[in-house]
Student: 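Questions regarding the structure given below will be posed in turn.
The model shown is predicted, which means the values in this text are computed figures rather than measured ones. Excluded from the calculations below are hydrogen atoms, water molecules and symmetry mates; all remaining heavy atoms, backbone and side chain alike, are included.
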Amino acid sequence: MQTTVENTEKHTVKLTVEIPPDEYSKELDATYKSIANQVKIPGFRKGKVPKQIIDAQIGREVVRDEFLEHAVPQYYRQAVSEQDLAPIADPEIDLEGFADDAPLVFTAVVEVRPRLELSESDYSGLKVRKPSAEVAESDVDEWIDRLRERFAELEPADRPVIDGDFVTIDVKALAGDEEIDGLTRTDYLYFVGSGEFGSALDEQLAGTKPGDILKVTEEMGPGAGEALAGATADLTVLVKDVKARKLPEADDDFAKTASEFDTIDQLREDLRTRLGEMKERENAATVRDRVLDAMIDSIEVDIPDTLIDDETEHRVASAGERAQRAGVTLDDLLEAQGWDETRLREDSRDHAIRAIKADLALEGVARAETIEVNADELGTEITSLAEAYGRDPKELAKQLERTGQIVTLAGDIIRGKALDLLVERADIEAEGPAEGPAEGPEGTDWTAEAEPTEGGPETETEPETETSDDAEETT
């Protein structure tokens, strides 16, 4: 098979494909055999009808059309692969020639994905700044305080309710005239500020005292549970008592109660170490993002509208699926965030352009550096995906092969390796210490919500101290 490529319009090429008779004859014979197995002609066994009889009884044009219907797409895909093209739309195919003992010739005009041809100077030495991994004393203080909150005691408060208190309440919830069983509660210990029943109730509880009755129409928050979150209810709330949290002193006794350590200094040092390790991991991810952003900002590429539109629609559809999983419509989700569909599409388009530029840049780096993916790397990634989705790795591999997604997976791995190389060759400068507490150390869930108990915690918690270590196929 011979193929030639010429650029016609922007992002559009014309493929001319020529297949000699000795190459397509097997496909043509297979078409005759397929038809012979389908037709019944008197005097001939099924599957044994000669070509001449099929031509006479069925028509050579019918055979020819069926052959072309199956063969041309196959030869087109082969030509696209040989020319290393990445079509982004269906081709316009024209048959140029097909006769007995003559080559099969056709052309295909198709819009293709742009390719960036980069030199090493285009992607080496990208300048980025790496955040500081220094742990400030205020970071440690923040997490000591959060840990103290988990071990707080509740004491009666002879004053009006303030944010952060616990109140015992009776709640009657109605939807119209019907009571909502899942929300109606008696002697319920409620944390003011949790938003479980929505923000309006929290606001109205502030300043109340035992005996007060509130009436609130509220949209339920996520704390009400998946089935009730987002539902509107008329609430009647009786405040029965008020309790304030009493935090334990951050001393050696507290360290023994809240952790495996004997002193508060040991606990603080453990927190400091693990916060630093966590910041290092976060900073590594931040550097990767900043390097990629720097690469995106350094290139100029004209992206086809087809590519941008497809990626935009994909992102809008994903937003709709997320809303559906949350049990709301996309319009409701957008309205809750103060957005509308127009703004969503504008935002999705902006992100689509940057995502496409990122892929094109990484693909260009991969080509320049001859980055490839091997079977072991694919196998490792498939195994990870299988574990994440509870699938058998071999079955998942077969599915990816069957659907063609194995090519997409290979492309993802190659782009990841290209980004690794960009980070390795980047010019990284350290930033000064950042302000504000970190997210929190891994190991013990230091920030897990725990309801304080009257008289102190019912059980002791010993924190763990373990830490953990972290499109298209490009050719």
Student: With rounding to the nearest 0.5 Å, note down the distance linking CD1 in Ile303 to CG in Leu360.
Tutor: 6.0 Å
Student: Only counting residues at least two apart or in another chain, list the ones meeting ring pair (Phe, Tyr, Trp, His ring centres under 6.0 Å) with Phe98.
Tutor: Tyr24, Phe67
Student: Do we see a donor-acceptor contact under 3.5 Å between the side chains of Ser132 and Glu431?
Tutor: no
Student: Check Leu201 against Leu235 and note the closest heavy-atom contact, atom names and distance.
Tutor: CD2-CD1, 4.5 Å
Student: Is a salt bridge present between Glu401 and Lys398, judged by a nitrogen-to-oxygen distance below 4.0 Å?
Tutor: no
Student: Do Tyr190 and Asp202 get their side chains close enough for a donor-acceptor pair, meaning under 3.5 Å?
Tutor: yes
Student: Before accepting this row, confirm whether a basic side-chain N of the pair Arg272/Asp139 lies closer than 4.0 Å to the acidic partner's carboxylate O.
Tutor: no
Student: Keeping the roles fixed (side chain from Ser124, backbone from Ser121), state whether a donor-acceptor pair exists under 3.5 Å.
Tutor: no
Student: If you measure only the distance, is there a donor-acceptor pair under 3.5 Å linking the side chains of Asp122 and Ser119?
Tutor: yes
Student: Do you know the tightest heavy-atom contact between Glu372 and Glu377?
Tutor: O-OE1, 3.9 Å
Student: Examine distances only and state if a side-chain atom of Ser384 and a backbone atom of Thr380 form a donor-acceptor pair shorter than 3.5 Å.
Tutor: yes
Student: To the nearest 0.5 Å, how far apart are CD in Glu311 and CG in Asp359?
Tutor: 8.0 Å
Student: Compare every heavy atom of Ile54 with every heavy atom of Val63, then report the nearest pair and how far apart it is.
Tutor: CG2-CG2, 3.7 Å
Student: Take a 6.0 Å sphere around CD of Gln83 and say whether it holds more than 12 heavy atoms from other residues, nucleotides or ligands.
Tutor: yes
Student: Rounded to the nearest 0.5 Å, what separates atom CD1 in Ile19 from atom CZ in Phe106?
Tutor: 5.0 Å
Student: At what distance, to the nearest 0.5 angstrom, does CG of Asp297 lie from CZ of Arg290?
Tutor: 13.0 Å
Student: Regarding Arg146 and Glu142, does a basic nitrogen lie under 4.0 Å from an acidic carboxylate oxygen?
Tutor: yes
Student: Might you confirm whether atom CD of Gln337 has over 12 heavy atoms from other residues, nucleotides or ligands at distances under 6.0 Å?
Tutor: yes
Student: Taking Lys417 first and then Asp420, would you say they form a salt bridge - that is, a charged N and a carboxylate O separated by under 4.0 Å?
Tutor: no
Student: Decide, yes or no, whether a salt bridge links Glu92 with Lys14 under the criterion of side-chain N to carboxylate O below 4.0 Å.
Tutor: no
Student: Cut-off 3.5 Å, side chains only: do Gln405 and Thr403 have a donor facing an acceptor?
Tutor: yes
Student: Go through the side-chain N and O atoms of Glu111 and Thr12 and say whether any donor and acceptor fall under 3.5 Å apart.
Tutor: no
Student: With a 6.0 Å cut-off (strictly less than), is the heavy-atom count around CD of Glu9, excluding the residue itself, greater than 12?
Tutor: no
Student: First locate atom CG of Asp293, then atom OG1 of Thr286, and finally report the distance between them rounded to the nearest 0.5 Å.
Tutor: 10.5 Å
Student: Testing the basics here: between Ile382 and Leu396, what is the closest heavy-atom pair and its distance to 0.1 Å?
Tutor: O-CD2, 3.7 Å
Student: Is Glu134 paired with Lys279 through a side-chain N to carboxylate O contact shorter than 4.0 Å?
Tutor: no
Student: Please determine if Asp340 and Arg345 form a salt bridge, counting it only when a charged side-chain N lies under 4.0 Å from a carboxylate O.
Tutor: no
Student: Test your reading of the model: is there a side-chain donor-acceptor pair from Arg113 to the backbone of Pro87, 3.5 Å cut-off?
Tutor: no
Student: So, does Asp427 use its side chain to make a donor-acceptor pair with the main chain of Leu126 at under 3.5 Å?
Tutor: no
Student: Just wondering, are more than 12 heavy atoms of other shown residues or ligands nearer than 6.0 Å to CD in Glu178?
Tutor: no
Student: Identify whether the distance between the nearest side-chain nitrogen and carboxylate oxygen of Arg148 and Asp145 falls below 4.0 Å.
Tutor: yes
Student: Looking at Arg274 and Asp270, is any side-chain nitrogen of the basic one under 4.0 Å from a carboxylate oxygen of the acidic one?
Tutor: yes
Student: Does Asp302 CG have over 12 foreign heavy atoms under 6.0 Å away?
Tutor: yes
Student: Does Arg150 reach the main-chain N or O of Ala258 with its side chain, forming a donor-acceptor pair under 3.5 Å?
Tutor: no
Student: Step through the shown structure and confirm whether more than 12 heavy atoms of other residues, nucleotides or ligands are within 6.0 Å of CG on Asn374.
Tutor: yes
Student: May I ask you to say whether Arg349 pairs ionically with Asp309, meaning some side-chain N is under 4.0 Å from a carboxylate O?
Tutor: yes
Student: Could you report the tightest heavy-atom contact between Ser348 and Val316, atom names first, then the distance?
Tutor: OG-CG2, 3.9 Å
Student: Is the backbone of Asp347 close enough, under 3.5 Å, to the side chain of His351 for a donor and an acceptor to pair up by distance?
Tutor: yes
Student: Answer with yes or no whether the side chains of Glu369 and Tyr123 bring together a donor and an acceptor at under 3.5 Å.
Tutor: yes
Student: Do Arg64 and Glu61 meet the salt-bridge criterion of a basic N to acidic O distance under 4.0 Å?
Tutor: yes
Student: Hey, could you give me the OG1/CZ distance between Thr273 and Arg268, rounded to the nearest 0.5 Å?
Tutor: 12.5 Å
